[in-house]
Protein chains: 2
Amino acid sequence: MKPESPMLNDPMPLTPIASAPQAEPEKRVRDRGATEKAILNAAKALLAEEGFQNFGINAVARKAGCDKQLIYRYYGGLNGLVDAIGADLGTWVKDRIPEDTGGMFLLTYGDLMERLSLLFLQALRDDPLMRRIVAWEVSENTEQVRRLSEARSKALAAWLERMRGSLAPPKGVDAVAVNAILIAAIQHIVLSASAGGQCAGLALKASKDWDKAEAALKRIVRGVYG
Amino acid sequence: MKPESPMLNDPMPLTPIASAPQAEPEKRVRDRGATEKAILNAAKALLAEEGFQNFGINAVARKAGCDKQLIYRYYGGLNGLVDAIGADLGTWVKDRIPEDTGGMFLLTYGDLMERLSLLFLQALRDDPLMRRIVAWEVSENTEQVRRLSEARSKALAAWLERMRGSLAPPKGVDAVAVNAILIAAIQHIVLSASAGGQCAGLALKASKDWDKAEAALKRIVRGVYG
DNA sequence: GCCTGATGTCGCCGCCCGGCGACATCGATT
DNA sequence: AATCGATGTCGCCGGGCGGCGACATCAGGC
């Protein structure tokens, strides 16, 4: 075989940049903060793009362009990394959903919930990471997912509470239960559309399909909240 | 060389019968039909119990107590096995959901949809296999899942059509879209409950929790269909 | 200069996966 | 009895995974 070459390893062992076209080719030279950010961003991007199925230490390290050992050192493994993702979810709502009323005056609880439903629908449609997390939540019950789920649930509840203001639901309606069903419907519609382009016989691809879905959703909200 | 034991293999390699109460403990001695059934039942049980995450050739063969090679021979691999599961789904509805009206007269479309919603909710809650399939559908978009999804969708649509009878939805309501949202809501509520015991802040464990959810669902159906 | 700790890298380990070739065993037909 | 196809079993292969020990490289204090 080889008689002991002077340099013990090839200087370009696996062309790390050429095979990772997605991220910026920044030379992170011993900058722990930047490396941590790169790992976190890679994890979020990987989860958003590939889903939780192939989400693992090796895949994240590949995507981040760093060694997987750093994930263990900086985040204590996948669990810690998932916690870090969860910590970001608290800021999701304020990044994604406007807090003002868009120039409308929301006079009734029905006005409010109609608007919130459509906002939530749109926000979910626009956020692949959130969709993957929701799909993950209904598919597994591991420690990782429980933490993510809790973070998401809190963020959503806080947002709802903030938007609600002083409006109270109509008497005699169990708003918590009804809203849970509405949220469930929105989440499942978006997930189904994202996965298969349709839900229970309703096509969900073209924008006119979504117009139908939104109209039906509005009608449902108005039917229950007036 | 084997010291040739009289019985060809260990009679209880992994307690296949105790964990698979559906099949008979018969020694399948060169009975292809029985082996095929054992494989199919093992696949369904495995999917129902463990979910699609660990669903694979090796796991099914272990659960069925046979060699994985037989899965390739008899079903052409996992895809064929999944197709066989899908073929069973066509009979799901008639096994699970009564076709009669339970002694009620369904006078209006609202009566019908209220009853169907509650029936569908209950049927899903009672069927872990179906739940896993639904979760699978919103988590992946592989060939396997598409076939399962199509089978399930057709079975559900056929059941709805059969139950609908001559009742027509109210004018001015896009029943397809509204019903898709209702089905989405039911599916997601059940999945969330099954995975985490709650959905959007609504606990879904005790039966009184489910009473709340059912009341809210009824209210929503009545709100939109009268 | 030199040492030390922080940062980044390499390569090994054991495990399980899907896929498949090769073989063993049985039953029926001849 | 001999044969042959159907049925069942065994073990290998390449590969990816999580986990981690050992090492290389650099920055900064002394």
Side-chain angles (χ1 to χ4, degrees), chain A residues 2 5-17 19-20 23 25-39 42-43 46 50-82 142-144, chain B residues 1-14 16 26-40 42-43 46 50-82 142-144:
Chain A
K2 286 192 68 122
S5 68
M7 38 186 54
L8 62 151
N9 57 1
D10 193 330
M12 287 298 285
L14 41 79
T15 63
I17 302 307
S19 68
E26 299 303 316
K27 297 292 173 189
R28 305 185 314 275
V29 277
R30 306 233 163 205
D31 182 342
R32 171 162 177 167
T35 303
E36 283 182 356
K37 265 182 193 160
I39 291 172
L46 185 69
E50 307 286 333
F52 57 94
Q53 292 275 54
N54 299 323
F55 187 73
I57 285 280
N58 290 289
V60 171
R62 264 196 306 273
K63 184 119 188 164
C66 73
D67 196 276
K68 57 183 173 180
Q69 180 70 18
L70 300 184
I71 300 176
Y72 289 106
R73 282 212 202 120
Y74 297 157
Y75 292 95
L78 254 198
N79 283 342
L81 186 51
V82 167
T142 61
E143 187 60 27
Q144 292 177 1
Chain B
M1 298 295 286
K2 285 199 61 160
E4 197 40 61
S5 68
M7 38 189 54
L8 58 154
N9 56 2
D10 192 337
M12 292 296 284
L14 40 83
E26 298 304 312
K27 299 289 175 194
R28 306 181 317 273
V29 276
R30 311 237 159 200
D31 182 342
R32 169 163 179 166
T35 304
E36 284 182 356
K37 267 182 192 160
I39 291 172
L40 183 57
L46 184 69
E50 307 286 332
F52 57 94
Q53 291 275 55
N54 301 322
F55 188 74
I57 286 281
N58 290 289
V60 171
R62 266 196 305 272
K63 183 120 189 164
C66 74
D67 196 276
K68 57 183 173 179
Q69 181 70 18
L70 301 184
I71 299 175
Y72 288 106
R73 281 210 203 121
Y74 297 156
Y75 292 96
L78 255 198
N79 283 342
L81 186 51
V82 168
T142 61
E143 188 60 26
Q144 292 176 0

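Every chain is numbered from 1, with letters handed out A, B, ... down the list of sequences. The basis for the numbers below is simple: all heavy atoms, side chains too, and nothing from hydrogens, waters or symmetry mates.
Here the CD1 atom belonging to A:Ile71 is positioned 4.5 Å from the CD1 atom belonging to A:Ile57, to the nearest 0.5 angstrom.
A pairwise comparison of heavy atoms in A:Leu70 and A:Cys66 identifies CD1-CB, 4.0 Å as the closest pair. Smallest separation of non-hydrogen atoms from B:Leu78 and B:Gln144: CB-NE2, 3.8 Å. Annotation for B:Asp67 and B:Ala61: closest pair C-CB, 4.0 Å, computed over non-hydrogen atoms. Contact record, A:Ala38 with A:Ala64: O-CB, 3.9 Å, taken as the closest heavy-atom pair. Shortest non-hydrogen contact noted between A:Ala59 and A:Asn54 is CB-O, 3.5 Å.
Using a 4.5 Å heavy-atom cutoff, the side chains of A:Lys68 and A:Val60 are not in contact.
Atoms CD (B:Glu50) and P (C:dC16) sit 15 Å apart, rounded to a whole Å. One interatomic measurement links the two molecules: CD of A:Glu36 to P of C:dA6, which rounds to 14 Å at whole-angstrom precision.
When atom types are taken as modelled, the side chain of A:Tyr75 and the backbone of A:Glu36 share a donor-acceptor pair closer than 3.5 angstrom.
Side-chain nitrogen and oxygen atoms of B:Thr35 include none within less than 4.0 Å of the OP1 or OP2 phosphate oxygen of D:dT7.
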Tabulated below should be each protein N or O lying under 3.5 Å from an N or O of nucleotides 25-29 of chain D; please produce it.
residue, atom, partner, partner atom, Å
D:dT25, O2, A:Arg30, NH1, 2.8
D:dT25, O2, A:Arg30, NH2, 2.7

**OP:** Quick one, give me the B/S/- string for nucleotides 17-22 of chain D, reading 5' to 3', where B means a protein heavy atom under 4.0 Å from the base and S means that only happens at the primed atoms, P, OP1 or OP2.
**Re:** SBBBBB
